[in-house]
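Since the structure comes first, as structure tokens, the remarks are kept for the end.
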Amino acid sequence: MIFIKSINDGGNRMAKNITPKEQDYSQWYLDVIRVAELADYAPVRGCMVVRPTGYSVWELIQKHFDEAFKETGHVNASFPLLIPKSFLEKEAEHVEGFAPECAVVTHAGGEELEEPLIIRPTSETVIGYMYSKWVQSWRDLPILINQWCNVMRWEKRPRLFLRTSEFLWQEGHTAHATKEEAVEETLLMLEVYRRIMADELALPVLPGEKTEGERFPGADNTYTCETMMSDKKALQAGTSHYLGQNFAKAFDIKFQNKNGEMDFAHTTSWGVSMRLIGALIMTHSDNDGLVLPPRVAPTKAVIIPISTDAAKFDEEIVPKAKELKTILNKTLCGRFVQVDTQQHLRPGDRFFFHLQRGVPLRLELGEKEFAVGKVKVVRRDTGEKMEITWEELEKRIPELLEEIQNNLFDRALKFRKENTYQAADMAQFREVLESKGGFVEVFFDGSKEDEKAIKEATGATPRCYPLEYSEERGRCFYTGKEGARKAIFAKAY
RNA sequence: CGGGAUGUAGCGCAGCCUGGUUAGCGCACCUGCUUUGGGAGCAGGGGGUCGUCGGUUCGAAUCCGACUAUCCCGACCA
């Protein structure tokens, strides 16, 4: 008789508290969030509670972006949660875009308010109002401000991390003297996003320009970082907008230029949100639970002391584990290594516990290893096991974390490439989408109405005109017009 | 907001059709013992106003209505 090991788990049993991806992707996503204790539902529809583990991931994400914002000359500030309703109405497209999803405060202090207040869905308007007070001369520009805050958009169909009514994000708002400078800022921040997502979150994103139909309400141009989830659907991971003079005109942000003439400022805004946590989950995780890239993992390695002998456990193995933890934490510059001393749980229970929570490395320190001065190290991403001496740990652990980080990125990039196809006309386009899914590269020169028609016919939307193809031109797959730019279409979250 | 489904212990479910003692099961949890290298075994135990409100009835988890929440498919979005 031949025993065949399960194909996808190296012979190990699969988690029984998680629905396999292949069976029900949405349920799998929710199961991962539940078992990894990232978030929970709040009593108010569409709102979520971010649990400590999820929030720790968010803090690391924040840290990476915040540093990059500061490196590029931005400073943080805080603007109010409540915005006068009239502010939102000053920019025609903006109000049209956001009005349907705004929550409005009508009563306060036991009385009806004279003017209803909007709970910010985004802060272009209040910030524009403030900028108009702060800007008189070209010398006052540029203004480069970011804020980390919560916003509220009353969503019809909420989904944890991806689309909740309240979410945490970051919104950068800048004002510049010239269009060139503002466009440069828009693209600079897009590149910052791409870099952080790639280097820190191991998300291979496709930076590009949004089509007219996908543009931010009130923007002249919107840029995006699009990324592919492991179900081949696209997720917009971050956006950067060139707002032209639209908000400057609506809020009277004007200044005297070098020639003594009055001019309106050019503004930008850019944001990434907690949705990135959803992106991390759907890009890297597997049927056993969460998989986190080391650079955004609150716990990068866990040391598991093992012994059947309680005295030995307490007196020899745990102290050694704590010693290794201290050394490694020093090496990793943070509190990234933990010791799991739950002796009442058997080793297997503890392995599984950390496996499900996405800890990148597991270090087993049992009597066997203790005797020879080694630990057994197991990678979360590949399941690979190795033995490392205590002396080598300080060097090898950071290396391994780096390898895992790179492997996750490479794996995701490979997946995206393998699931990206080309189509020359509508027939091919449909055929590819229906038989394969994923991203479809096409030349596209259609209108907003064409985008809508394509969506109705196929469910796919234009994700962006990737910057890397900005020079390429061809025949539009939909209208047949020549000179169309290369775009990516996909079904999206 | 349209279409569909579901709310019974932390999680997953049975019971409902055909109302009737103290509402069950698996996992998780607590105590004890035995265990311990990819989800342990035995024994004992705790935990539920059966989503909410109202109706029908002598009696409702069960029948009826409204509301609410969650999930799936659409339209909308970071």
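Order of the sequence lines sets the chain letters (A, B, ...), proteins ahead of strands, with each chain counted from 1.
Out of rU36(B), rA78(B), rG37(B), the shortest distance to the side chain of E369(A) is found at rG37(B). Looking at the side chain of E101(A), the nearest of the listed nucleotides rC77(B), rG37(B), rC1(B) is rC77(B). Nearest to the side chain of Q236(A), among rG37(B), rA78(B), rC77(B), sits rA78(B). Among rU36(B), rG39(B), rA78(B), the nucleotide with an atom closest to any side-chain atom of A15(A) is rG39(B). Distance from the side chain of E155(A) is smallest for rC77(B) among the nucleotides rC77(B), rG39(B), rG37(B). Here the nucleotide nearest the side chain of K156(A), chosen from rG37(B), rC77(B), rA75(B), is rA75(B).
Taking the side chain as every heavy atom from C-beta outward, I303(A) and D340(A) never approach each other to under 4.5 Å. The closest side-chain heavy-atom distance from W390(A) to F370(A) is below 4.5 Å. The shortest distance between side-chain heavy atoms of V378(A) and L361(A) does not fall below 4.5 Å.
Judged by distance alone with a 3.5 Å cut-off, no donor-acceptor contact links the side chain of R153(A) to the base of rC77(B). In terms of polar N and O atoms assigned as donor or acceptor, the side chain of R362(A) comes within less than 3.5 Å of the base of rG38(B) in a complementary pairing. Between the side chain of E456(A) and the base of rG74(B), no donor-acceptor pair of N or O atoms lies under 3.5 Å.
When the nearest nucleotides of RNA chain B are assigned to I18(A) and E214(A) by heavy-atom distance, the more 5′-ward of the two goes with I18(A). Where Q356(A) and S273(A) each meet RNA chain B at their nearest nucleotide, the meeting point lying more 5' is that of Q356(A).
Distance noted for atom P between rA60(B) and rC53(B): 14 Å (whole Å). Atom C1' of rG47(B) sits at a distance of 6 Å from the matching atom of rA9(B), rounded to the whole Å. Rounded to the nearest Å, the gap between the P atom of rU22(B) and that of rA5(B) is 34 Å. Taking the C1' atom of each, rC63(B) and rG20(B) are spaced 14 Å apart, rounded to whole Å. To the nearest whole angstrom, the two C1' atoms, one in rG15(B) and one in rG7(B), are 15 Å apart. rC58(B) and rC11(B) are spaced 37 Å apart, taking the P atom of each and rounding to whole Å. Nucleotides rU57(B) and rG3(B) have their C1' atoms positioned 35 Å apart, rounded to a whole Å. Between the C1' atoms of rU62(B) and rC17(B), the separation comes to 9 Å (whole Å).
At a cut-off of 3.5 Å, with distance as the only test, no side-chain donor of T19(A) or D24(A) sits close to an acceptor on the other residue. In this model, a donor atom of one side chain and an acceptor atom of the other lie less than 3.5 Å apart for S123(A) and Q147(A). Using a 3.5 Å distance cut-off with no hydrogens or angles, the side chains of Q170(A) and D66(A) do not pair a donor with an acceptor.
For the ring pair (Phe, Tyr, Trp, His ring centres under 6.0 Å) test with F489(A), the passing option among Y465(A), F444(A), F439(A) is F444(A); the others fail.
Across all non-hydrogen atoms, the minimal contact from D286(A) to D288(A) is OD1-N, 2.9 Å. Heavy atoms only, all atoms of each residue included: S285(A) and V291(A) are closest at OG-N, 3.0 Å. Of all heavy-atom pairs spanning H64(A) and V296(A), the tightest one is CD2-CG1, 4.0 Å.
T164(A) comes within 4.0 angstrom of a base, heavy atoms only. Within the nucleic acid shown, K452(A) has no heavy atom closer than 4.0 Å to any nucleic acid atom. Contacts of N17(A) with the nucleic acid, taken as non-hydrogen atoms under 4.0 Å apart, include base atoms. Using a 4.0 Å heavy-atom cutoff across all strands shown, G348(A) reaches sugar-phosphate atoms only and no base atom. I304(A) comes within contact range of no nucleotide atom at all, as no heavy-atom separation falls under 4.0 Å.
The pairing partner recorded for rG44(B) is rC30(B), the criterion being a Watson-Crick or G-U wobble arrangement whose two distances lie under 3.5 angstrom. Look at rU35(B): it lacks any Watson-Crick or wobble partner with both distances under 3.5 angstrom. Using N1 to N3 plus N6-O4 or O6-N4 for Watson-Crick, or N1-O2 and O6-N3 for G-U wobble, each under 3.5 Å, rC58(B) pairs with rG20(B). Figure legend. rC76(B) is base-paired to no nucleotide; pairs are counted as Watson-Crick or G-U wobble with both atom distances under 3.5 Å. Nucleotide rA9(B) forms no Watson-Crick or G-U wobble pair with any nucleotide shown, as no partner meets the under 3.5 Å limit on both distances. rC67(B) and rG51(B) make up a base pair, with Watson-Crick or G-U wobble contacts both under 3.5 Å.
Computed from coordinates, the K312(A) NZ to rU36(B) P distance equals 14 Å when rounded to whole Å. Note: CZ (R157(A)) to P (rG3(B)) measures 15 Å, nearest angstrom. The CH2 atom of W169(A) sits 14 Å away from the P atom of rC77(B) (whole-angstrom rounding). Between R34(A) atom CZ and rA28(B) atom C1' there is a gap of 11 Å when expressed in whole angstrom units. Atom CZ of F313(A) and atom C1' of rU35(B) are 14 Å apart (whole Å). One interatomic measurement links the two molecules: CZ of R215(A) to P of rA78(B), which rounds to 14 Å at whole-angstrom precision. Separating the OH atom of Y493(A) from the P atom of rC76(B) is a distance of 17 Å, rounded to the nearest angstrom. For the pair W148(A) CH2 and rA78(B) C1', the computed distance is 13 Å after rounding to whole Å.
Side-chain nitrogen and oxygen atoms of K455(A) include at least one within less than 4.0 Å of the OP1 or OP2 phosphate oxygen of rC76(B).
By the 6.0 Å contact criterion, CZ on F313(A) is enclosed, its count of non-hydrogen atoms from other residues, nucleotides or ligands being greater than 12.
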Write out a two-atom table: protein N or O, nucleotide N or O from nucleotides 67-71 of chain B, distance below 3.5 Å.
residue, atom, partner, partner atom, Å
rU70(B), OP1, G46(A), N, 3.1
rU70(B), OP2, R45(A), NH1, 2.8
rU70(B), O3', Y41(A), OH, 3.2
rC71(B), OP1, Y41(A), OH, 2.6

